[in-house]
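Below is one structure, written out as structure tokens, with a few remarks after it.
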Amino acid sequence: MQKVLQSLLQLQEIDIKLTDVRARLAKFPQKLAQVDARVAAAKSELDASKSAQVATIKDRKKYELDVDQWKDKVRKYRDQTAQVKTNEAYHALQHEVQMAEDEVAKAEDRLLEQMVAGEEYDRRIKASEKTLKEVEDSARTERSRIESEKAAAEKELAQFTSERERDVAGISENLLDHYERIVRKHNGIALAEVRDEKCSACGMIVRPHVFQEMRRATGDELFHCETCTRILYYIEPSVSTASSAASASASPARDN
Ligand SMILES: [Zn+2]
């Protein structure tokens, strides 16, 4: 293969690696953000359980006060019944006592409900705290895994970048410019192998005389696919097979 094609192929190989490592590096911020989001979700779950608990305690105090107030009323009405003179007033007060006692019972029921709910929130807080701790532990492990992957990728990037600088040093500015223009046009792939006399990138047939010229070329001339404009290269079938076939001078048909 022509030397110029060998250096371009080497460049393309390193460019593919660079594209890959850059794509991997670009994903790290999102990966870290996903880990942070999991921790934040577990924290807000715990916060929600805690504020529900606070609200329950507030309600409980209110219901305790209700119970006390209704009990006071019951006492007050009872005291008054001792002083009434008429049957009618007595019955009216008895009725008030009954109503106040009903209210005491209702307030006590609400209080009990709140206490049960409070226990439920206690359980929920404990569970949320446990979950948060687990999420934080796994986040720590995951973050350090991501960070070390990132460090490895950054090392690769530095290595590939300096390899590319070395490769580029041996390529003329014009040729590099030409290569890079095709790279931009074709998503990173500027060179296409000719296989079965076709451009392997777009599948277009390479005309026989172009193919023959390609195989004979020794200088810096480049051949392009007429359809996709990529630079064509051809890898001769295994040298040992070719040379043994040539030495045996067995089949000239093989070459065509
Ligand atoms: Zn093509």
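Both counts, for ligands and for their atoms, begin at 1 and track the order of listing. Computed from a predicted structure; not experimentally measured.
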> Is there any salt bridge (charged side-chain N to carboxylate O under 4.0 Å, His left out) pair reaching into residues 115-127, and which pairs are they, with sequence neighbours excluded?
Replying inline: Glu120-Arg123
> Among the protein atoms near the Zn ion (ligand 1), how many are N, O or S and lie under 2.8 Å away?
Replying inline: 4
> Does a donor on one side chain sit under 3.5 Å from an acceptor on the other, for Asp79 and Gln83?
Replying inline: no
>> Any donor-acceptor pair under 3.5 Å linking the side-chain atoms of Glu163 with those of Gln159?
In response: yes
> Taking only residues two or more places apart in sequence, or in another chain, which ones meet Lys3 in a side chain to side chain donor-acceptor pair (under 3.5 Å)?
Replying inline: none
>> Which residues pass the ring pair (Phe, Tyr, Trp, His ring centres under 6.0 Å) test with Phe211, not counting sequence neighbours?
In response: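 Applying ring pair (Phe, Tyr, Trp, His ring centres under 6.0 Å) to Phe211 gives Tyr234.
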> Just wondering, are more than 12 heavy atoms of other shown residues or ligands nearer than 6.0 Å to CG in Leu18?
Replying inline: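 Buried by this count: over 12 neighbours within 6.0 Å.
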